[in-house]
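So that the names make sense, note that chain A is the first sequence line, chain B the second, and so on, each numbered from 1.
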Amino acid sequence: MDEILKEPTEERSLNFLEEIVEADLASGKHMSILTRFPPEPNGYLHIGHAKSICLNFGLALKYGGETNLRFDDTNPTKEDVEYVDSIKEDVQWLGFQWAKELYASDYFEQLYIWAQELIKRGLAYVDDQNQEEIRINRGTVTRPGVESPYRGRSAEENLMLFSAMREGKFKDGEKVLRAKIDMSHPNMLMRDPILYRIIHAHHHRTANDWCIYPMYDYAHGQCDSIEKITHSICTLEFDVHRPLYDWFIEKLEIFPSKQYEFARLNLTYTVMSKRKLLELVKRGFVAGWDDPRMPTICGLRRRGYTPESIRLFADKVGVAKRDNIIDLSLLEWCVREDLNKRANRYMVVLDPVKLTITNYPEGTTELFTPALNPEDPAAGSRNVIFSRELFIERDDFMEEPPKKYFRLKPGGEVRLKYSYIIKCEEIIKDENGKIVEILCTYDPDSRPGTGEWRSVKGTIHWVSAPNAVEAEVRLFDRLFTNPEMDNLDEGKEYIDYLNPDSLKVVKGYAEPALIDDKSLTAVQFERIGYFAKDYDWSTNKPVYNRTVGLKSAW
RNA sequence: UGACCUAUGGUGUAAUGGUAGCACUACUGAUUUUGGUUCAGUCAGUCUAGGUUCGAAUCCUGGUAGGUCAACCA
């Protein structure tokens with residue numbers, strides 16, 4: 001019994017972050033861990049953030065720690081509560097709960113006091129140079145910078161000026177507070193980085209309390225430190241910021257949070273930059289941030305992706321420090337993997353052609369009760385009405401079929417899913433040669449549950465023509481046609497790769513049971529794909545968004 | 001003509017000085033009332049040149065390639 005209970009846990013090696021955490025826990029450096037997810041509320045979360053969320057929350061969950069949600073709101077000109085709300089909703093939808101909801105702006109006063117301390121110790125100064133001068137005097141990556149003429153101001157003068165900055169005595173850009181480090185440092189970030197700049201703008205939380213705002217580098221590490229974050233995980237491009245992160249913590253002698261970097265997620269055929277996504281929305285190429293074609297969490301949600309599938313994906317992509325570009329097919333596999341287990345099945349015909357069973361008695365119907373989901377017996381069953389006149393998929397019949405075509409062909413037999421075997425006897429065409437009706441006969445002895453089971457090569461889906469309900473379907477395809485959206489052809493912009501066929505709306509016919517489906521996940525249209533119920537904004541009629549097609553479904 | 005980060009099949013990711021493994025993709029085959037699922041299998045990899053070592057994907061050095069950094073963005 002014990003052996004049965006002892007589930008042979010999947011042998012899985014640790015990623016480098018888990019190794020660091022385990023080492024820190026083992027050495028007693030930390031008794032427990034605290035991570036944080038620190039979005040700037042200036043846009044909606046996307047699948048790339050999902051990786052970061054799963055990493056931060058997942059690490060804490062695995063090692064019995066906690067995770068804070070902290071909004072990095074140090075730039076009032078870009079941020080908005082709209083984004084704060086959507087971020088909270090998306091993190092929760094993904095299935096994570098933060099220990100504390102915090103804001104960098106909660107710490108503005110403490111940050112200000114620490115800045116005064118740096119000034120007193122001769123480690124910071126007020127600079128009067130304008131933006132242009134500061135930029136030029138910073139030097140280049142190959143040439144050292146030039147020290148500011150204001151670098152030698154006394155602590156008293158700096159304190160006075162800094163206080164005047166806070167009191168609003170200066171206009172935007174007139175003065176900044178800089179750290180006094182090394183203008184010839186090989187790392188550009190260490191060439192007297194700016195700590196505070198003047199921005200007379202309304203902040204979504206502190207309103208007009210402040211007109212000076214800390215820069216990312218001055219705020220982030222100290223915020224981590226205040227919260228006693230043990231492992232501050234961010235993406236690779238912040239690697240060069242780490243010396244600065246450590247510099248402030250060391251000089252201020254505060255809790256030694258440590259920063260670790262991992263490679264951000266890239267997906268084929270997908271743009272991940274918030275700036276570009278915002279442009280897609282603003283220029284109307286998509287209906288909004290939650291357009292089902294968007295890689296945003298809310299877009300994926302409307303598309304029918306489950307939180308489980310996204311978490312599975314985050315797990316599958318792994319964590320490392322090398323740049324990567326994940327094949328979209330991995331994401332699609334994760335979605336199918338999850339949905340296959342939980343999606344209810346329905347028959348829907350998207351491109352109908354009429355099929356009449358000539359030897360089936362007119363005016364009679366039959367009821368079949370197939371399982372809603374053969375992968376999950378607990379899902380129950382549904383009623384499917386069978387009749388003399390059906391719709392089948394136009395694709396499921398070929399007059400001149402190739403060799404390995406298993407579906408309906410002249411003189412051929414095929415099983416109608418859940419019901420009888422039929423044989424194609426005659427084709428009726430219109431004056432243009434288009435097939436308008438297929439006449440078949442059925443084998444009454446092939447009824448499931450009666451007599452001996454007979455196998456035929458092909459099984460096709462169908463709906464009863466008199467009973468079918470209309471189902472509007474949105475067939476989404478990838479938004480872009482280029483596999484590497486960060487690696488474009490010369491002279492082209494990402495917008496040039498927009499896929500004109502990314503959205504196709506089709507009116508199909510569905511079995512009536514679909515209407516009553518109450519499941520919260522996408523359903524499977526048999527032999528077609530997974531579809532999530534959505535609503536057309538103007539008509540409020542249900543429409544079905546294609547989540548992902550079935551793998552090689554014809 | 002700088003500093004830092006990185007380099008394993010087509011794509012990701014393991015192997016921490018000792019048999020290069022796993023997943024996705026592609027392709028075979030078996031099962032199947034979804035050409036789905038499931039199962040079995042095949043193709044395919046250590047950037048390069050030296051060095052250390054009995055032994056190197058792993059350590060060292062040089063080279064090459066890619067990435068990051070010169071916002072009062074994060």
Side-chain angles (χ1 to χ4, degrees), chain A residues 10-15 19 38-40 42 72-75 77-79 104 127 129-131 134-136 138-145 172-178 185-191 193-199 212-213 215-217 219-220 234-243 261 263 268 274-275 315-334 336-337 340-341 345 347 370 374-375 404-407 415-419 421 446 448 453-461 483 524-529 549-554:
Chain A
E10 197 186 343
E11 190 72 30
R12 216 173 138 268
S13 50
L14 302 176
N15 65 47
E19 278 179 14
E40 182 187 17
N42 68 344
D72 230 333
D73 56 351
T74 56
N75 185 352
T77 62
K78 290 190 175 179
E79 297 148 8
D127 196 342
Q129 294 180 104
N130 64 35
Q131 195 162 347
I134 288 178
R135 187 175 59 85
I136 291 167
R138 187 151 31 221
T140 70
V141 289
T142 55
R143 220 193 322 276
D172 287 10
E174 234 178 289
K175 286 185 167 39
V176 290
L177 184 72
R178 302 178 74 177
H185 197 108
N187 183 340
M188 299 288 294
L189 268 314
M190 300 298 271
R191 319 241 263 229
I194 290 169
L195 271 36
Y196 274 90
R197 75 288 212 190
I198 300 169
I199 305 175
I212 56 171
Y213 290 91
M215 297 285 290
Y216 167 86
D217 283 307
H220 204 95
C234 61
T235 47
L236 240 34
E237 63 269 28
F238 290 99
D239 175 276
V240 287
H241 294 247
R242 182 155 25 87
E261 309 86 20
T268 53
K274 273 192 212 173
R275 203 206 89 230
D315 185 58
K316 290 279 175 194
V317 297
V319 194
K321 294 193 75 159
R322 74 186 83 127
D323 293 318
N324 60 75
I325 178 152
I326 308 285
D327 208 309
L328 199 54
S329 62
L330 180 62
L331 211 211
E332 295 179 340
W333 177 84
C334 291
R336 288 193 202 99
E337 176 77 1
N340 177 53
K341 287 183 297 216
R345 270 67 165 168
M347 293 194 288
E375 307 287 327
K404 287 195 112 185
Y405 187 80
F406 300 151
R407 286 163 279 156
R415 172 147 237 136
L416 292 171
K417 181 87 180 167
Y418 307 124
S419 74
I421 291 172
S446 64
W453 182 259
R454 185 154 76 87
S455 273
V456 284
K457 199 77 175 160
T459 303
I460 63 173
H461 59 106
Q524 188 192 100
F525 291 175
E526 284 179 299
R527 290 179 51 87
I528 299 176
L550 247 40
K551 197 178 169 188
S552 24
W554 73 62

* Mind checking the C1' distance from G21(B) to U46(B)? Whole angstroms is fine. -> 13 Å

* To do: May I ask you to say what E332(A) touches in the nucleic acid, namely base, sugar-phosphate or nothing, with a heavy-atom cut-off under 4.0 Å?
  => nothing

* To do: Would you confirm whether R191(A), through its side chain, and T140(A), through its main-chain N or O, come within 3.5 Å as a donor-acceptor pair?
  => yes

* To do: Write down the distance separating the P atoms in G36(B) and U25(B), rounded off to the nearest Å.
  => 12 Å

* Between U37(B) atom C1' and N340(A) atom CG, what is the distance in whole Å? -> 5 Å

Check nucleotides 57-59 of chain B for protein N or O atoms closer than 3.5 Å to its own N or O atoms and list the pairs.
none

* Asked: Taking only Watson-Crick and G-U wobble pairs with both distances under 3.5 Å, what dot-bracket line describes RNA chain B, where [ ] shows pairs that cross earlier ones and | shows pairs with another strand?
  -> .((((((..((((....[..)))).(((((.......)))))....(((((..]....))))))))))).....

* To do: Please name all residues satisfying salt bridge (charged side-chain N to carboxylate O under 4.0 Å, His left out) with D239(A), sequence neighbours left out, ordered by chain then number.
  => R242(A)

* To do: Determine the Euclidean distance between corresponding P atoms of A7(B) and U16(B); express it in Å to zero decimal places.
  => 15 Å

* Nearest heavy atoms of H461(A) and I528(A), plus distance in Å -> CE1-CD1, 4.0 Å

* Asked: Which comes earlier along RNA chain B counting from the 5' end, the contact point of R415(A) or that of D327(A), where each point is its nearest nucleotide?
  -> D327(A)

* Taking all non-hydrogen atoms of both residues into account, name the closest pair between E375(A) and N340(A) and its distance. => CG-O, 3.3 Å

* Could I get the full list of ring-ring contact (aromatic ring centres under 6.0 Å, His included) partners for F238(A), not counting sequence neighbours? => Y216(A), H241(A)

* Can you check the L331(A) CG to A23(B) P distance for me, whole Å? -> 19 Å

* Measure the CE-CG distance between M215(A) and D217(A) for me, rounded to the nearest 0.5 Å. => 7.0 Å

* Using atom C1' of each nucleotide, how far apart are A70(B) and G2(B) to the nearest Å? -> 11 Å

* side-chain contact (heavy atoms from CB on, under 4.5 Å) involving L14(A) - partner list, sequence neighbours excluded -> E18(A), E19(A), E22(A), K62(A), Y63(A)

Taking only distance into account, with no hydrogens and no angle test, what donor-acceptor pairs under 3.5 Å do side-chain atoms of residues 319-328 of chain A form with protein atoms, sequence neighbours excluded?
| unit_1 | atom_1 | unit_2 | atom_2 | d |
| --- | --- | --- | --- | --- |
| K321(A) | NZ | E261(A) | OE1 | 3.4 |
| N324(A) | ND2 | R264(A) | O | 3.4 |
| D327(A) | OD1 | S329(A) | N | 3.3 |
| D327(A) | OD1 | S329(A) | OG | 3.3 |

* Nearest-angstrom distance, C1' atom, A44(B) to U13(B) -> 16 Å

* **Partners meeting side-chain contact (heavy atoms from CB on, under 4.5 Å) with P448(A) (sequence neighbours left out)** => F368(A), R415(A), W453(A)

* Heavy-atom pair with the smallest gap, counting every atom of M347(A) and Y418(A) -> CE-CD1, 3.9 Å

* Asked: With no angle test and no hydrogens, is the base of U34(B) tied to the side chain of R345(A) by a donor-acceptor pair under 3.5 Å?
  -> yes

* Nearest-angstrom distance, C1' atom, U58(B) to G51(B) -> 15 Å

* For nucleotides U8(B) and C69(B), find the distance between their C1' atoms and express it as a whole number of Å. => 28 Å

* Asked: Between H461(A) (NE2) and U34(B) (P), how many Å, whole number?
  -> 13 Å

* Quickly work out the D239(A) CG to C4(B) P distance and round it to whole Å. => 11 Å

Expected rows: protein N/O vs nucleotides 12-14 of chain B N/O, under 3.5 Å:
| unit_1 | atom_1 | unit_2 | atom_2 | d |
| --- | --- | --- | --- | --- |
| G12(B) | OP1 | I325(A) | N | 2.7 |
| G12(B) | OP1 | I325(A) | O | 3.4 |
| G12(B) | O5' | I325(A) | O | 3.4 |
| G12(B) | O2' | V317(A) | O | 2.8 |
| U13(B) | OP2 | R322(A) | NH1 | 2.9 |
| A14(B) | OP1 | V319(A) | O | 3.4 |
| A14(B) | O2' | S13(A) | OG | 2.9 |

* To do: With sequence neighbours left out, write down each residue that passes side-chain contact (heavy atoms from CB on, under 4.5 Å) with M190(A), or none if nothing qualifies.
  => I181(A), H185(A), N187(A), P243(A), L244(A), W247(A)

* Structure fact -> Nearest heavy-atom contact between R336(A) and L550(A) is NE-C, 4.0 Å

* **Nucleic acid footprint by protein, nucleotides 69-74 of chain B - heavy-atom cut-off 4.0 Å, B for base, S for sugar-phosphate alone** => BBSBBB

* Phosphate oxygens OP1/OP2 of U25(B): is one of them under 4.0 Å from a side-chain N or O of K551(A)? -> yes

* Counting any heavy atom closer than 4.0 Å, what does Y405(A) reach on the DNA or RNA strands: base, sugar-phosphate only, or nothing? -> base

* Does A71(B) adopt a syn or an anti glycosidic conformation, taking syn as a chi angle within 90° of 0? -> syn

* Roughly, in whole Å, what's the span from CG in L236(A) to P in C5(B)? -> 11 Å

* Those residues that, when tested against R454(A), pass side-chain contact (heavy atoms from CB on, under 4.5 Å) (two or more places apart) -> E413(A), I421(A), D443(A), V456(A)

* Considering only atom P, compute the distance from A15(B) to C47(B) and round it to an integer number of Å. => 16 Å

* What nucleotide among C24(B), U33(B), G2(B) has an atom nearest to a side-chain atom of W333(A)? -> C24(B)

* For the residue pair K316(A) and L330(A), what are the closest heavy atoms and their distance? -> CB-CD2, 4.2 Å

* Please name all residues satisfying salt bridge (charged side-chain N to carboxylate O under 4.0 Å, His left out) with R178(A), sequence neighbours left out, ordered by chain then number. => D127(A)

